[in-house]
There are 2 protein chains.
Amino acid sequence: MADKKSKITIYDISKEAGVSIATVSRVLNDSNNVNPKTREKITEVMEKMGYKPNAFARGLGLDTMKTIGILCADSSDTYLAKAVYLIEEALRQNNYDSLLCCTGYDFQNKQKSLDLLISKKVDAAILVGSNFLDTTVSSNNAYIKEAAKSIPIMLLNACFECQNVYSLFCDDLNATKSAVEFLVKKGRKKILYLYSSKSYSGVKKLEGYKEALKENNLSLSDDYIVYCNSNRDDVNGFVKTIEEVYEKGLRFDAVVSSEDYLAIAALKFAVKRGISVPKDLSIIGYNNSPMALMTQPEITSVDNRLEALSKQLVATLLGVLEGKEMPAKTEYKGILIERDSTES
Amino acid sequence: MADKKSKITIYDISKEAGVSIATVSRVLNDSNNVNPKTREKITEVMEKMGYKPNAFARGLGLDTMKTIGILCADSSDTYLAKAVYLIEEALRQNNYDSLLCCTGYDFQNKQKSLDLLISKKVDAAILVGSNFLDTTVSSNNAYIKEAAKSIPIMLLNACFECQNVYSLFCDDLNATKSAVEFLVKKGRKKILYLYSSKSYSGVKKLEGYKEALKENNLSLSDDYIVYCNSNRDDVNGFVKTIEEVYEKGLRFDAVVSSEDYLAIAALKFAVKRGISVPKDLSIIGYNNSPMALMTQPEITSVDNRLEALSKQLVATLLGVLEGKEMPAKTEYKGILIERDSTES
């Protein structure tokens, strides 16, 4: 019964009371602009139905700023920037303004930026990218918990369980696992893994790589897991890193990478060395970004559903702001987009 | 004399009065935290020197929000996103927060976003990208003029003359002209021009192409000026556009493009057709973005000084906020970065 009650929304109230949602919202917002009799009726219905007003449903009211705060570590990261773009577009279509803070990767500054947005009276905050979850220390993401006490927090590409926090993410573990298994089925046995981030999703991807090898009885040493630096513009730096492991004698017939730009570096390495792609080296990227189309051969890549996730995130947020019960977790499956850098 | 007076800053006042800049600033901000005698002295010095307090110098005071608004049409544009990143980093280093609005390309929304930032009490606004200047209609950029009445407006990569507006830009006309002349000196005669934007800087670049041809007595028809669509992720769409003009019989021995991603498409076209780069086709991009390093051969590109401009923009802004007289226009020269897509 408690469960059922908690799912009663302002939609149910408006239906039962025979008034518009806007009127219910005005009552929730203590607006004076409601006929006293109507107010009384709505209050009665709420009591009868056991409705507990969601503080955030008030965002629907007349006093809302209709402004959403967005946090993004780095606007020059193509992947994050695309997500921000899609989210802002969807918000704008729904008559919400947005304010974006680019925080950098330092957690103190992330917290400060979130405080800043809250001080600017945003209706909710969207944290774009898995780097907003602290995977290394025991902070337990207190800054997110704290913020969620005042506004709904939406996480894109990360998952964190906490009241008033909504997580939307791609199943990066299984997406990476499937990419590796795709190569194994083509007969590849020495699969190099390139990565550049130890974020929440970075950790999941690496787990996917390891699980795929284990389940297919391929035992590769840690030498095959190669960390490239995190300066994503440093294509030639990545090429150098790959050349270094190659010169140490490491041989591989496939590359799976956590980012498209690392796959591009792998291709550049192969062309320099005269290694034929995909015949002697198969390459898979991640993100299915426009970069994957810039090279020849074009790069096979995991589509981690950025577009669908970004749109669903805004839909979920709008539901939350309207006082609807929305799922705390939304997970999408990744899809491997086959191109010429892997054998068909 | 009037000119001289207008150049007196709070630095001059602090020097003359023998007090710190912070104290002058507190007086300007009507702070109570100033010794009445000191206040009197500073006021006297201001009167004596004919100092007209710059409303924006007050940003230095204790009541400042220390928050700068940034407008950017599209955060998923690599070039704009890089500028935003550099600007935010520089602001952060100077203890300024920033709030970013991604406006899209519609002018009504640009104006709305600027109003939103002003309502959030930002100390200044930075408009990133030349698309904030309306080159097509007779609006005369009234929204910028209006905003400049309340806060300083900084323009990156655009030039607009108006009080309290500061423009920092690259000389795109001459940079493009030099790129074309570089090819002419190598003996190229049929130079295709690819572009995708009719923004302020887009117009300048095209002018530079035309001037270079004219001054070198090369008469090419408008068929050589090819507009590609504005969806920057559509590499294969650009390739198709180039193939279409090629199939109509147009022949060219060089490509100059207004963006690196168009140069990448030109390279992709050449590889598909079996045209040797740079031997039979030289290619030059624009922006000197990381993309120019992702292909083989790497792409020769015009460095339009984004990094230097972004840093100088923040330095100029800080000067303005401190009440210093700063140049209304700052122009940088572009630099051609030679790589393997052109003959050495």
Side-chain angles (χ1 to χ4, degrees), chain A residues 65-67 69-70 72-89 91-92 97-104 106 109 112-113 115-117 119-122 231-237 239 260-261 264-265 267-268 270-272 289-296 298, chain B residues 65-67 69-70 72-89 91-92 97-104 106 109 112-113 115-117 119-122 231-237 239 260-261 264-265 267-268 270-272 289-296 298:
Chain A
M65 305 297 293
K66 295 216 78 162
T67 305
I70 304 176
C72 156
D74 174 359
S75 64
S76 72
D77 176 311
T78 319
Y79 174 79
L80 299 177
K82 182 84 183 173
V84 169
Y85 176 78
L86 292 166
I87 288 169
E88 294 198 312
E89 187 179 54
L91 287 172
R92 198 152 52 226
D97 290 317
S98 53
L99 290 173
L100 174 63
C101 282
C102 297
T103 62
D106 173 67
N109 205 63
K112 201 179 151 217
S113 297
D115 290 345
L116 173 69
L117 287 173
S119 80
K120 298 290 177 189
K121 305 216 178 301
V122 295
N231 173 8
R232 87 193 75 81
D233 294 346
D234 187 19
V235 189
N236 288 331
V239 174
D260 282 336
Y261 53 76
I264 283 174
L267 178 61
K268 223 172 157 180
V271 175
K272 276 192 175 179
S289 68
M291 271 181 266
L293 298 174
M294 288 183 179
T295 55
Q296 273 165 319
E298 294 177 353
Chain B
M65 306 296 294
K66 295 213 81 163
T67 304
I70 304 177
C72 156
D74 175 0
S75 64
S76 71
D77 177 310
T78 320
Y79 174 80
L80 299 177
K82 182 83 184 174
V84 169
Y85 175 76
L86 292 166
I87 288 169
E88 294 197 315
E89 189 180 52
L91 287 173
R92 198 153 51 228
D97 290 317
S98 53
L99 291 173
L100 175 62
C101 282
C102 298
T103 63
D106 173 67
N109 205 64
K112 202 180 150 217
S113 297
D115 290 345
L116 173 68
L117 287 173
S119 80
K120 298 290 178 189
K121 305 215 180 300
V122 295
N231 174 7
R232 88 192 74 82
D233 293 347
D234 187 21
V235 189
N236 288 331
V239 173
D260 282 336
Y261 53 76
I264 283 174
L267 178 60
K268 223 173 157 179
V271 174
K272 276 192 175 178
S289 68
M291 272 181 265
L293 298 173
M294 287 183 180
T295 55
Q296 273 165 318
E298 295 177 353

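Here the structure is a predicted model, which is why all the values come from computation and not from measurement. Numbered from 1 within each chain, the chains take letters A, B, ... in sequence-line order.
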TODO: Check whether B:N236 gets within reach of chain A through its side chain, its backbone, both or neither, counting any heavy atom under 4.5 Å.
DONE: side chain
TODO: Answer with side chain, backbone, both or neither: which region of B:T103 has an atom nearer than 4.5 Å to a non-hydrogen atom of chain A?
DONE: backbone
Open item on the list: Let me confirm one number: the CG-OH distance from A:L293 to B:Y261, rounded to the nearest 0.5 Å.
Closed with: 15.0 Å
Open item on the list: Please classify the contact between B:T78 and chain A as side chain, backbone, both or neither, with a heavy-atom cut-off of under 4.5 Å.
Closed with: neither
TODO: For each of A:T295, A:V271, A:D77, tally heavy-atom pairs with chain B at distances under 4.5 Å, and name the one with the top tally.
DONE: A:V271
Open item on the list: Counting heavy-atom pairs closer than 4.5 Å to chain B, which one of A:A265, A:C101, A:A81 comes out on top?
Closed with: A:A81
Task: From A:I70 atom CD1 to A:L100 atom CG, the distance as rounded to the nearest 0.5 Å - done: 5.5 Å
Task: Contacting region of A:L80 [heavy-atom separation from chain B under 4.5 Å] - done: neither
Task: Interatomic spacing from CG in A:D97 to NZ in B:K112 - rounded to 0.5 Å - done: 4.0 Å
Task: Heavy-atom proximity to chain A below 4.5 Å, by part of B:K272 - done: both
Task: Spatial distance of atom SG (B:C102) from atom CG (A:L91) [nearest 0.5 Å] - done: 11.0 Å
- [ ] Sort B:E298 into side chain, backbone, both or neither according to what part of it lies under 4.5 angstrom from a heavy atom of chain A.
- [x] side chain
Task: Residue, of B:M291, B:M294, B:R92, that accumulates the most heavy atom pairs under 4.5 Å with chain A - done: B:R92
Open item on the list: Please classify the contact between B:L86 and chain A as side chain, backbone, both or neither, with a heavy-atom cut-off of under 4.5 Å.
Closed with: neither
Open item on the list: Only pairs of heavy atoms separated by less than 4.5 Å count here; which of A:S76, A:G69, A:C72, A:S98 has the most with chain B?
Closed with: A:S76
Open item on the list: Rounded at 0.5 Å granularity, tell me how far NZ in A:K82 sits from CG in B:D74.
Closed with: 8.0 Å
- [ ] Tell me, for A:V84 versus chain B, whether the close heavy atoms (under 4.5 Å) come from the side chain, the backbone, both or neither.
- [x] both
- [ ] Among B:V235, B:L267, B:L117, single out the residue with the greatest number of heavy-atom pairs under 4.5 Å to chain A.
- [x] B:V235
Task: Nearest atoms (heavy-atom pairs only) where B:L99 meets B:K120 - done: CD1-CB, 4.4 Å
Task: Under 4.5 Å from any heavy atom of chain A - which part of B:R232 - done: neither
- [ ] Using non-hydrogen atoms and a 4.5 Å limit, figure out which bit of B:N109 sits close to chain A: side chain, backbone, both or neither.
- [x] side chain
- [ ] Give, as side chain, backbone, both or neither, the part of B:I264 having an atom under 4.5 angstrom from any heavy atom of chain A.
- [x] side chain
